[in-house]
**Q** 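Pasting a structure here, questions to come.
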Amino acid sequence: MFPKEFDTRNGKVVVRNAHIDDIPALIALHRRCFPQMVAEDGAWEEGQLRSHLDVFEEGQLVAVLDGQIVGAASSLIVNLGRNPLRKHTYYGITDDGYFYNHDPQGDTLYGAEVYVDPEIRRGGLGAILYEARRDLCRRFNLRRILCGGRMASYSQHAEKLTPEEYVWQVQDGKIDDPVLGFQLAQGFVVRGVMPNYIRDRLSMDYASLIEWLNPDYQPKDEENTKVRVACVQYQMRKTSSFEEFASQVRYFVETAGEDYGAEFVLFPEFLTVQMLSGLEPMGSREGIRKLAEYTPQFVELMGTLAREQGLYLIAGSHPVEQPDGRLENTSMIFKPDGSYESQSKLHITPSEKTWWGISGGNSLIVLQTPKAKIGVLICYDVEFPEATRYLADRGIEILFVPYCTDNRQGYLRVSTCAAARAIENQIYVATAGVVGNLPDVPAMDIHYGRAAVFSPSDFEFARDGIQAQADPNVETMLVTDLDISDLYRSRQGGAVTPVSDRRRDLFEFHNKLANETISGGLEEGRL
């Protein structure tokens, strides 16, 4: 969706999602735009802007002219229940400017702020940012945009006019209000007047409640909140060729898609290592390098299957050679159009280092799909709570964990930690492991696996926090439906609410990852 380029009176402007590196420029711009309000109420602070990016990066937009940020728009999604037009305050609706109350299941895009460099106002940039916000509303299929329209000139008329009378005269064109007048020109309709909305002497703390209804909105039903997931408990067996491997994989994807209507299919870690069984015997490091040569064929196979079935295919993992010659254990997430994104394993086990010389990746991705926001952690990664916390803070609802363990102890480490990640972050965690033996392949001779999907442990969910679980050590496919709305009901009114009850005043989560929007719906944090 972004970036987009626009022609303006001042030159070509690019509108894109904000990055963490933009924060100093945004603070400086905000101070230039609202010197009076900053003096009375303060400018954006770094912690607030970081929080905006954490909870809803897609809703934070900047306009760039000649390499400089000259405009910005901040938004969040809210759920206002049966009375969406009720009066509120800016501080309440934005959670004191931190956007912690952002609700991906809400139906309203709330416009928290739009500001343009004073030196280039009246050049069309404000209209561009409002159009970008309408595009965002359409993309997320939200019912409306709501804003508090600052009544910037009301203090000049307060002795003669009530706030409501002032708004009527602005609407009739009898009073020129630079903020509300512009918003009305952008297709917004006034729905009421809100007192004590924001601390602003010029508007005497009043604001108009304005609404833009999305003409393309499609009402959501309960079925739209359900996602069907298939976890393949894949058996390692000797194969004589890539074609034989492809035939086995195709069987599971076609069964998941055509017979069961799965929307996401998860394969286990090191899915492709079985191809070494059909090659001449070689050392483990030589073998894993040889396997990396199959990457183009693997990508072509998985992309074709995802496209044919119209689903998201988390293709286990495969060794991928990097430009500098290192090998990374990489999971590729194939989309229904056949394209893919890569998620490398961050934490490398001692055996991976010793036997294969695998190196760890340094980035995490979050992918927004039509049904759910997802992330992927590979096997050992799920045993480190920080990685999942990073993804959960960016809104993932389903975490996919492909794994490969050789014994029951290894399986229990992965599955127990996966269940813990589901409980503490109130998300679903889907896992799939390999079973079977490969006697002729070093470091892949025996396996223990049991596919499972874990949920928060609360009344909304299955007993014991286990949504579904396969029989251990047999080749099979686990298929289950996940209701995304259950996650949000649990977060808002569960027996416990760990997502909102975190003691942020005592514990802070720091990372060395910087968010960057790479393409529509994809976020990446890179070390």
**Q** Under 3.5 Å, is there a donor-acceptor pair between the side chain of Gln469 and the main chain of Ala451?
**A**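 No; judged by distance alone, with no hydrogens or angles, the pair does not exist.
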**Q** Could you tell me whether the side chains of Glu258 and Gln309 share a donor-acceptor contact shorter than 3.5 Å?
**A** yes
**Q** Output yes when a side-chain donor or acceptor of Asn473 lies under 3.5 Å from a complementary backbone atom of Gly449, and no otherwise.
**A** yes
**Q** What's the spacing between Phe384 CZ and His347 NE2 if we round to 0.5 Å?
**A**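 Rounded to the nearest 0.5 Å, the CZ-NE2 separation comes out at 4.5 Å.
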**Q** Measuring from atom CG of Leu49 to atom CD of Gln60, what distance do you get when rounded to the nearest 0.5 angstrom?
**A** 8.5 Å
**Q** What's the separation between atom CD1 in Ile378 and atom OG in Ser344, rounded to the nearest 0.5 Å?
**A** 6.5 Å
**Q** A side-chain contact here means heavy atoms from C-beta on lying under 4.5 Å apart; do Val429 and Thr388 qualify?
**A** no
**Q** Out of curiosity, Phe267 CZ to Ser331 OG, how far, rounded to the nearest 0.5 Å?
**A**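 Here the interatomic distance stands at 11.5 Å.
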**Q** Donor-acceptor pair, Thr304 side chain versus Glu300 backbone, under 3.5 Å?
**A**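 Pair found, side chain donor or acceptor close to backbone of Glu300.
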**Q** For Asn425 and Arg389, test the side chains for any donor-to-acceptor distance below 3.5 angstrom and give the result as yes or no.
**A** yes
**Q** Is the shortest heavy-atom distance from the side chain of Thr330 to the side chain of His318 under 4.5 Å?
**A**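 No, their side chains stay 4.5 Å or more apart.
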**Q** Would you mind reporting whether Ile396 and Ile374 have side-chain heavy atoms less than 4.5 Å apart?
**A**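 Side chain of Ile374 against side chain of Ile396, heavy atoms only: no contact under 4.5 Å found.
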**Q** Which atom pair, heavy atoms only, marks the closest approach of Phe334 to Ala315?
**A**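 Minimum heavy-atom contact is CE1-CB, 3.8 Å.
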**Q** Is the backbone of Ser317 close enough, under 3.5 Å, to the side chain of Asn329 for a donor and an acceptor to pair up by distance?
**A** no
**Q** Check the surroundings of atom OH in Tyr251: do more than 12 heavy atoms from other residues, nucleotides or ligands lie under 6.0 Å from it?
**A**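 No, the 6.0 Å shell around OH holds no more than 12 heavy atoms from other groups.
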**Q** Any salt bridge linking Arg289 with Glu321? Criterion: basic side-chain nitrogen under 4.0 Å from a carboxylate oxygen.
**A** yes
**Q** Run the side-chain contact (heavy atoms from CB on, under 4.5 Å) check on Val227 and Glu397 step by step: do they pass?
**A** CA-CA 11 Å; Val227 178; Glu397 294 148 333; over 6 Å; no
**Q** Within the supplied structure, the quantity of interest is the number of heavy atoms (other residues, nucleotides, ligands) at a distance under 6.0 Å from Phe459 CZ; does it exceed 12?
**A**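 Not more than 12 within 6.0 Å, no.
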**Q** Hey, are the side chains of Glu45 and Ile27 touching, using non-hydrogen atoms and a 4.5 Å cut-off?
**A**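 No. Closest side-chain heavy atoms not under 4.5 Å.
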**Q** Is the shortest heavy-atom distance from the side chain of Leu399 to the side chain of Val382 under 4.5 Å?
**A** yes
**Q** Shortest non-hydrogen contact from Val453 to Cys231?
**A** CG2-SG, 3.9 Å
**Q** Nearest 0.5 Å please: distance from the CD atom of Glu386 over to the CG atom of Asp381.
**A**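 Glu386 atom CD to Asp381 atom CG measures 11.0 Å (nearest 0.5 Å).
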**Q** Could you check Thr431, Thr476, Asp471 and say which one makes a side chain to side chain contact (heavy atoms under 4.5 Å, CB included) with Gln233?
**A**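 So, applying the side chain to side chain contact (heavy atoms under 4.5 Å, CB included) to Gln233 and each of Thr431, Thr476, Asp471, only Thr476 qualifies.
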**Q** Less than 4.5 Å apart, side chain to side chain, heavy atoms only: is that true for Val434 and Glu269?
**A** no
**Q** Would you mind reporting whether His52 and Leu26 have side-chain heavy atoms less than 4.5 Å apart?
**A**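 With C-beta onward as the side chain, the pair stays apart.
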**Q** Quick one: list whatever passes side chain to side chain donor-acceptor pair (under 3.5 Å) with Thr480, sequence neighbours left out.
**A**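 Side chain to side chain donor-acceptor pair (under 3.5 Å) check on Thr480 returns Gln467.
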**Q** May I ask you to decide if Ala470's main-chain N or O and Arg450's side chain share a donor-acceptor pair within less than 3.5 Å?
**A**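 Yes, Arg450 side chain to Ala470 backbone: donor-acceptor pair under 3.5 Å.
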**Q** Distance-only, no hydrogens or angles: does the Glu475 side chain make a donor-acceptor pair with backbone N or O of Gln235 under 3.5 Å?
**A** yes
**Q** Please test Ile77 against Tyr110 for side-chain contact (heavy atoms from CB on, under 4.5 Å), starting from the C-alpha separation and ending with a verdict.
**A** CA-CA 6 Å; Ile77 298 174; Tyr110 198 87; over 6 Å; no
**Q** Donor-acceptor pair, Gln426 side chain versus Pro456 backbone, under 3.5 Å?
**A** no
**Q** Between Arg307 and Asp337, is the closest basic N to carboxylate O distance under 4.0 Å?
**A** no
**Q** State whether Arg326 and Asp324 are salt-bridged, where the test is any N-O pair (Lys NZ or Arg NE/NH1/NH2 against Asp/Glu carboxylate O) under 4.0 Å.
**A** yes
**Q** Can any side-chain N or O of Lys371 pair as donor or acceptor with the backbone N or O of Ile484 at less than 3.5 Å?
**A**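 Absent.
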**Q** When you compare the side chain of Phe400 with that of Val229, does any pair of heavy atoms fall below 4.5 Å?
**A** yes
**Q** Which word best sums up how the rings of Trp356 and Phe270 line up, parallel for under 30°, tilted for 30 to 60°, or perpendicular for over 60°?
**A**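 Rings of Trp356 and Phe270: perpendicular, as their planes differ by over 60°.
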**Q** Got a sec: does the OH of Tyr340 have more than 12 other heavy atoms crowding it under 6.0 Å?
**A**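 At most 12 heavy atoms, drawn from other residues, nucleotides or ligands, come within 6.0 Å of this atom.
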**Q** Using distance alone, with no hydrogens and no angle criterion, decide if Gln274 and Tyr234 have a side-chain donor and acceptor under 3.5 Å apart.
**A** yes
**Q** Holding to salt bridge (Lys or Arg N to Asp or Glu O under 4.0 Å), I want the full list of residues that pass it with Asp481, two or more places apart in sequence or in another chain.
**A**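 Only Arg228 meet the salt bridge (Lys or Arg N to Asp or Glu O under 4.0 Å) criterion with Asp481.
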**Q** For the atom pair CZ (Arg139) and CG (Leu109), what is the distance rounded to the nearest 0.5 Å?
**A** 11.5 Å
**Q** Report the relative orientation of the aromatic rings in Phe245 and Phe242; use parallel for angles under 30°, tilted for 30 to 60°, perpendicular for over 60°.
**A** tilted
**Q** Using modelled atom types only, decide if a donor and an acceptor are shared between the side chain of Gln297 and the backbone of Tyr294 within a distance under 3.5 Å.
**A** no
**Q** Kindly say whether Arg138 contributes a backbone atom to a donor-acceptor pair with the side chain of Asp216 at under 3.5 angstrom?
**A**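 Looks like no, no N/O pair under 3.5 Å.
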